Amino acid sequence: MESISELRTAYHGGGRTPVDQAERILDGLAGRDGEPVWISTVPADSLRERAESLTRHGDPALPLYGIPFAVKDNIDVAGMVTTAGCPDFGYLAAEDAPVVRRLLDAGALLVGKTNLDQFATGLTGARSPYGSCQSVFGGGLISGGSSSGSAVAVAAGQVSFALGTDTAGSGRVPAALNGIVGLKPTRGLLSTAGVVPACRSLDCVSVFAPDVAGAVDVLHAARAVTSADPWGRPLPAERVVPRMPATLRLGVPRAEDLEFFGDTGQEARFAAGVQLLRTLVGSPRSVPLDAFFAAGDLLYQGPWVAERLVALGAFLRSHPESVLAVTRAVLETGWRYDALDAFRGQHRLRELRAQVDQVWQDVDVLVVPTVGTTFTLDEIAEDPIGRNAMLGRYTQFANLLDLAAVTVPNGFTASGRPASLTLLGPAFSDTTLARLAATLTEGGTPTGAVEASSPPAQRPADVLIAVVGRHLAGESRNGELIGHGAVLAGTARTAPLYRLYRMDTPDGEGLPGLVRITPDGPSGHPIEVELWRLPSAAVGGLLAGVPAPLSLGWVRLQDGRDVLGFLCEAYAAGPPAEDISASGGWRAYRRSAARR
């Protein structure tokens, strides 16, 4: 599935219609009954009817015209059952949640409702009676929760964006484990009316998208203050326009506050991400995280866990057998707290917020790892509560401290596990964080920003190299790039001028080759690439190790830039090479092949 910007291009210039897109969606969902990503989907006839209405009567200028999306199944959609991951709790929603209604009014095409950790209680994606979602990167890796289905639906290309919720990190951890963007806005910018509460005073609706620009598009289309939501807050007019990265002061955690739980790969990726950020913003400053972590501890080791019982306590008592044992164990700790504990917790949090407020006097943005390490489903089963807490170390304080956050991919560890960064800022810093995140990952500006962006600053004598196959992070030849001093700079897509082929190799792994098509050839595709910063003095050494029919040449990116990259000679694209262009990239092809 294309990103929002790619689909807009297809609609406006490529002759595609929402009707065409609906058929593509239905083809992609065919045969997926019983898979744990979806709890319910819009009936095929209803999806076609909506697409037909958009095609015949819709305004193509609508901000999300024909863009397919998914909704976490703790958010109401009129006429669909909301289960919150518990079948016996399910009820038929009479009306759309305001955030869903605004997206539909913006022209978006709803595909269905996605799986979640039961009652949005968990960060693993392994706490659902509908099954456990696995990360798109396979290997038994957890997808992260609680918004597991929404993240996987986006990362697997089934939809162009999805809504989740984020109370303790549920909009950030799944993004990290599936290599996509997770935007957790300031509390109240997206209405939580029509959302089954976890902790109503802390809940956020979050956005998953393949890129930052798409996530910001959704944020602007969906945000509004409604009379149905007493927790709503408008984005101040002066905060809509983002500050430019070069004007920002970067906060970096003290070394003694960083915990990777023995995962040296994640530690190395975080250091590399911070190094790249240093080229984009002002001089970094060391930030102690004591107050952040102390606030985060209050979420499950303080009276806020009792807030979950306000909405769920009666159901828990009347239907204990309907609630998963691990979920029930977490929720039942809330009965320990009384009103005195609640006030003590509020007083302690106010003290901690005052300390954190001082941090924002010295820095504008704080970078942290999204997760310190990753786990497989089997590892989570061994210690579901303890390892869940490890996943939340850098996320669960954000809403208690009234912070905004954007999570972005940060390459892969040497063992092939996804890594991620989260940018944090005070309330209403959303567009500034997004602007920095877009520069970090895409070299571009999200929709809604007023200035055209320039490519990320480069270290002197560096060149950008576009990588498409075995040199991707975590792939078999990535070590060659790292050995030459290369640093991952982000991801991008090529202009639709290329085709991607898989050529047979003796080891059976296959070799991908990117071929630029001739003007009178078949239509091209935008192909996903990674951009690596390589010292210019190392280019010759890298080229010497590139086997025929590959070579280095100029690759045109979707944003119009030309960068050096791996290309394949056209003669090698003939039979028996397989045209895998429609997959959109080598990793997507590998995931699809694994499912087959």
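All figures in this text were calculated on a predicted structure; none of them were measured in a lab.
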* To do: Answer yes or no: is there an ion pair linking Asp217 with Arg8, defined by an N-O contact shorter than 4.0 Å?
  => yes

* To do: Not counting sequence neighbours, which residues clear salt bridge (charged side-chain N to carboxylate O under 4.0 Å, His left out) with Arg187? List them please.
  => Asp402

* **Side chain proximity check, Val218 to Ile4, heavy atoms < 4.5 angstrom** => yes

* Asked: What closest approach, in Å, do Gly169 and Leu123 show between heavy atoms, and which atom pair accounts for it?
  -> C-CD2, 3.6 Å

* Which pairs, with at least one residue in residues 133-181 and sequence neighbours excluded, count as a ring pair (Phe, Tyr, Trp, His ring centres under 6.0 Å)? -> Phe69-Phe161, Phe137-Phe412

* Would you mind listing every salt bridge (charged side-chain N to carboxylate O under 4.0 Å, His left out) that reaches into residues 163-178, with sequence neighbours excluded? => Asp166-Arg172

* Taking every non-hydrogen atom, the tightest pair across Thr431 and Pro242 -> O-CB, 3.3 Å

* Asked: What do the steps show when you test Asn178 against Val152 for side-chain contact (heavy atoms from CB on, under 4.5 Å), and what is the final call?
  -> CA-CA 7 Å; Asn178 288 282; Val152 173; 3.7 Å; yes

* Tell me, please, which residues at least two apart from Thr370 pass side chain to side chain donor-acceptor pair (under 3.5 Å). => Ser420, Thr422

* salt bridge (charged side-chain N to carboxylate O under 4.0 Å, His left out) contacts touching residues 131-141 (sequence neighbours left out) -> none

* Asked: Are the side chain of Asp117 and the backbone of Ala126 linked by a donor-acceptor contact shorter than 3.5 Å?
  -> yes

* Structure fact -> side chain to side chain contact (heavy atoms under 4.5 Å, CB included) test vs Ile465 passes for just one of Val563, Val529, Leu564, namely Leu564

* Asked: Do you know which of Leu47, Val19, Thr17 makes side chain to side chain contact (heavy atoms under 4.5 Å, CB included) with Glu52?
  -> Val19

* **Under the salt bridge (charged side-chain N to carboxylate O under 4.0 Å, His left out) test, residues paired with Arg278 that sit two or more places apart** => none

* Provide the closest heavy-atom pair for Val181 versus Ala215 in the form atom of the first, atom of the second, distance. => CG1-CB, 4.2 Å

* Asked: If we ignore angles and hydrogens, is there a donor and acceptor under 3.5 Å between the side chains of Arg417 and Gln266?
  -> no

* Asked: What pair of heavy atoms forms the shortest contact from Pro185 to Ser206, and how long is it?
  -> CD-CA, 4.2 Å

* Can you name the salt bridge (charged side-chain N to carboxylate O under 4.0 Å, His left out) partners of Asp579, sequence neighbours left out? -> Arg499

* **Over all atoms of both residues, closest heavy-atom pair of Ala168 and Thr395** => O-OG1, 2.7 Å

* Taking only residues at least two apart or on different chains, which pairs with a member in residues 103-115 satisfy salt bridge (charged side-chain N to carboxylate O under 4.0 Å, His left out)? -> Asp73-Lys113, Arg101-Asp105

* Asked: Side chains of Thr124 and Asn388: donor-acceptor distance under 3.5 Å anywhere?
  -> no

* Listed once per pair and sorted, the side-chain hydrogen bond (donor to acceptor under 3.5 Å, both in side chains) pairs that draw on residues 133-146, sequence neighbours left out -> Lys72-Ser146, Ser146-Ser170

For residues 59-68, run the donor-acceptor check on the side chains, cut-off 3.5 Å, and write out each pair with its distance to 0.1 Å, sequence neighbours left out.
unit_1	atom_1	unit_2	atom_2	d
Asp59	OD1	Ala61	N	2.9
Tyr65	OH	Leu54	O	3.3

* Asked: So, Arg587 and Glu528, do they make that salt bridge, N to O below 4.0 Å?
  -> no

* Qualifying residues under side chain to side chain donor-acceptor pair (under 3.5 Å), relative to Thr192, sequence neighbours excluded -> none

* Nearest-0.5 Å distance, NE2 of residue His525 to CD of residue Glu2 -> 9.5 Å

* Nearest-0.5 Å distance that lies between atom OG1 in Thr186 and atom CZ in Arg239 -> 8.0 Å

* Asked: Under the side chain to side chain donor-acceptor pair (under 3.5 Å) test, which residues partner Arg50, sequence neighbours left out?
  -> none

* To do: Return the minimal non-hydrogen interatomic distance between Ile180 and Ala151, and the atom names on each side.
  => CD1-O, 3.5 Å

* Is there side-chain contact between Ser147 and Phe208, with heavy atoms separated by less than 4.5 Å? -> yes

* Does the side chain to side chain donor-acceptor pair (under 3.5 Å) test come out yes or no for Thr82 and Asp76, once each step is laid out? -> CA-CA 6 Å; Thr82 301; Asp76 286 350; 2.8 Å; yes

